Amino acid sequence: MDEVNNQITSQEEPSTIQCVECGKCGCGDCKTRCNLDSYNWLADVPGGKNDFDIVEVHFKNTRRGYYRNSSHLNLKQGDVVAVEANPGHDIGTVALTGNLVKLQMKRTRLRPDAEILRVFRKAKPADLERFEQAKAKEIDTMIRSRQIAKDLGLEMKIGDVEYQGDGNKAIFYYIADGRVDFRQLIKVLADVFKIRVEMKQIGARQEAGRIGGIGPCGRPLCCASWMSTFVSVATSAARYQEVSLNPQKLAGQCAKLKCCINFEVDTYVEASKSLPKRDVVLETKDKTYYHFKTDILKGEMSYSTEKGVPVDLVTISPERAREVIALNRQDIKPERLQDSDLDVTIKLSAYGDLVGQDSISRFDNAKKKKKKKTRNKPQAGKSAQDATSDASLKDETGGKNRPPRDRDRRRSNFDAANANKSSNYKDNRNRQGKRGYNHNETNRHH
């Protein structure tokens, strides 16, 4: 046991990768997003052989490569090394060492016959000084190359420029909707900057990861924080999760489908396998139910009496739906769709807002105080006949215990006069109908 503890303590703790520009990891002060961090989860495994001579080296803009440590240097994560390039040498940061590199090469499906370049040495101060001088020219080179591409009439956007460690070569990253004939552009750039030029096309996802930003979830973009490889996203993944197929909601800042749509699609696909088919119609004695919606994670299915319209909506469990389907196949129609023994159409949640503290509009309308109703109790010294007379007086005067005023008398007289006028008008109309009086005939005679 002591030998195992000695082996664990003797190993170096796994360190995070230092950024090529600022020497930190995840600081956010540099242009290159620290989304290429790797954790060597095999570093603290006791007794594991760590004699694999190939290391993984990371560069700017998610560029990585595998290099052979032919000189058997003592390399660890975070070391800045000078590696072989074509031509010259390049400066990068060691990301992975040991057996984990073998697994990473297998995951990336690196061909066995692929050419593997060498690691020259750990970067010397002279190498780092030359590398810093080359990086200082990247912004000016990018701005000037954009103007050159515009003058040549090329429909492309140069997003970034990456100089090689020795400054003799530069990679121009560009975005374009279609194919671009940049042969003339390469000649002009090589003549202006006196370097070897390599053009590399990147997609909108890589550009969004290079620039960075905040997603609709409030967190930094996944492509700028931790994602280094991109998987194609299809609209079928949104259909499995029953997400609204609104392009404005499904698209991210790169104008492509959000990468997070793929994160939970496997869970939804696995859960939907246990649900009955949605195109099956459920028959009862009095109604026919059609599938309306399904909550896959809750395991609830809602059926409506109209297709696509929530009419008489009933929510049941998948088990009850299978039971009704089995009964319908035997030409048996149940009396009702839901079964009280198995399903509950309205389920109370475990959490209830008892005091209304979650309501946004709880302070908008102040609650009015209700007036207390007082009963008419007979006063001391009054008989029961006096109390009944007071109650009749209260009814005559509109609910108030007071003698009738002149205004009340005028209102009652006005109502009686209107009633007499309406009765006289009805009598005259009835007499005219009996005599056969017609306004049209009299007007025609005149």
Side-chain angles (χ1 to χ4, degrees), residues 17 26 28 31-39 56 58-65 95-96 103-111 155-160 162 171-180 199-275 277-279 291-299 301 308:
I17 303 173
K31 296 178 184 178
T32 55
R33 305 292 168 178
C34 300
N35 59 342
L36 297 177
D37 302 341
S38 301
Y39 181 77
E56 184 183 71
H58 286 175
F59 303 94
K60 184 182 177 183
N61 286 335
T62 68
R63 186 168 65 93
R64 67 180 68 189
L96 290 177
L103 300 177
Q104 188 75 357
M105 293 173 64
K106 184 178 179 180
R107 188 184 71 86
T108 56
R109 297 179 181 179
L110 186 66
R111 294 181 302 176
E155 295 182 358
M156 58 183 296
K157 174 190 174 184
I158 298 178
D160 198 6
E162 178 185 1
I171 303 175
F172 291 80
Y173 297 91
Y174 71 95
I175 304 172
D177 295 332
R179 295 179 60 88
V180 179
M199 305 296 297
K200 188 173 183 180
Q201 185 175 3
I202 60 176
R205 300 180 188 274
Q206 288 84 352
E207 179 69 8
R210 190 187 64 82
I211 297 175
I214 302 297
C217 57
R219 297 176 61 86
L221 296 179
C222 297
C223 55
S225 56
W226 62 272
M227 288 184 65
S228 58
T229 56
F230 299 94
V231 182
S232 61
V233 185
T235 54
S236 59
R239 291 192 183 95
Y240 277 118
Q241 303 175 60
E242 295 187 354
V243 181
S244 175
L245 299 179
N246 188 353
Q248 296 180 353
K249 294 183 179 180
L250 294 181
Q253 297 185 3
C254 57
K256 302 292 183 181
L257 294 178
K258 295 178 181 177
C259 297
C260 55
I261 296 178
N262 281 346
F263 294 169
E264 298 180 0
V265 64
D266 295 336
T267 304
Y268 277 87
V269 171
E270 189 67 26
S272 61
K273 291 180 180 179
S274 60
L275 300 178
K277 295 182 179 180
R278 304 180 183 183
D279 55 350
H291 178 266
F292 180 70
K293 66 176 182 178
T294 300
D295 194 330
I296 299 177
L297 299 183
K298 270 189 175 182
M301 303 184 70

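Everything numeric in this text was worked out from a predicted model, so none of it was measured. Just so you know, residue 1 is the first one in the sequence shown, and it goes up from there.
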Study note, to complete from the structure: What one should report as the nearest heavy-atom pair of A224 and G212 is CB-CA, 3.8 Å
Study note, to complete from the structure: Closest heavy-atom pair, V180 versus A176, reported as atoms and distance to 0.1 Å, is CG2-CB, 3.6 Å
Review point. Do you know which two heavy atoms are closest between A238 and L245, and how far apart they sit?
Key: CB-CD2, 3.9 Å
Point to revise | Minimum heavy-atom distance between Q201 and G178, given as atom pair plus value | key: NE2-O, 4.2 Å
Review point. Out of curiosity, L275 CG to T294 OG1, how far, rounded to the nearest 0.5 Å?
Key: 6.5 Å
Exercise for review: Answer yes or no: is there a side-chain heavy-atom contact under 4.5 Å between F263 and C222?
Suggested key: yes
**Study point:** Non-neighbouring partners of T235 that pass side chain to side chain contact (heavy atoms under 4.5 Å, CB included), sequence neighbours left out
**Key:** R239, L257
Practice item. Under the side-chain contact (heavy atoms from CB on, under 4.5 Å) rule, what do I214 and L221 come out as? Steps first, then yes or no, please. Key: CA-CA 6 Å; I214 302 297; L221 296 179; over 6 Å; no
Review point. Are the charged groups of K293 and E242 less than 4.0 angstrom apart, N to O?
Key: no
Study note, to complete from the structure: Nearest heavy-atom approach of I296 to R278 is CD1-NH2, 3.7 Å
Review point. F230 versus Q206: any side-chain heavy-atom pair under 4.5 Å?
Key: yes
Point to revise | Straight-line distance of R107 CZ to R109 CZ, nearest 0.5 Å | key: 10.5 Å
Point to revise | Y173 atom OH: more than 12 heavy-atom contacts under 6.0 Å | key: yes
Practice item. Indicate yes or no for a side-chain donor-acceptor contact from D160 to the backbone of K60 under 3.5 Å, with no hydrogens or angles considered. Key: no
Exercise for review: Might you work through the side-chain contact (heavy atoms from CB on, under 4.5 Å) test for V265 and Q241, ending with a clear yes or no?
Suggested key: CA-CA 7 Å; V265 64; Q241 303 175 60; 3.8 Å; yes
Exercise for review: Please indicate whether D177 has more than 12 foreign heavy atoms, meaning atoms of other residues, nucleotides or ligands, lying under 6.0 Å from its CG.
Suggested key: no
**Study point:** Under 3.5 Å donor-acceptor, K258 side chain and G215 backbone
**Key:** no
**Study point:** Rounded distance (nearest 0.5 Å) linking atom CD of E207 with atom CD1 of I211
**Key:** 4.0 Å
Review point. Do the non-hydrogen side-chain atoms of Y174 and M199 ever get within less than 4.5 Å of each other?
Key: yes
Point to revise | CD1-CZ distance between I171 and F59, expressed to the nearest 0.5 angstrom | key: 9.0 Å
Exercise for review: Measure the OG1-NZ distance between T108 and K106 for me, rounded to the nearest 0.5 Å.
Suggested key: 11.5 Å
Check your understanding: When rounded to the nearest 0.5 angstrom, what distance separates CZ in R219 from SG in C260?
Key -> 12.0 Å
Practice item. Search all heavy atoms of T267 against all heavy atoms of L297 and return the closest pair with its distance. Key: CG2-CD2, 4.4 Å
Point to revise | Candidate pair K277 and H291, rule side-chain contact (heavy atoms from CB on, under 4.5 Å), full reasoning | key: CA-CA 9 Å; K277 295 182 179 180; H291 178 266; over 6 Å; no
Check your understanding: Mind checking whether R205 and C259 have side chains closer than 4.5 Å, heavy atoms only?
Key -> yes
Exercise for review: Just do the salt bridge (Lys or Arg N to Asp or Glu O under 4.0 Å) check on E162 and R63 with the steps written out, would you?
Suggested key: CA-CA 10 Å; E162 178 185 1; R63 186 168 65 93; 2.8 Å; yes
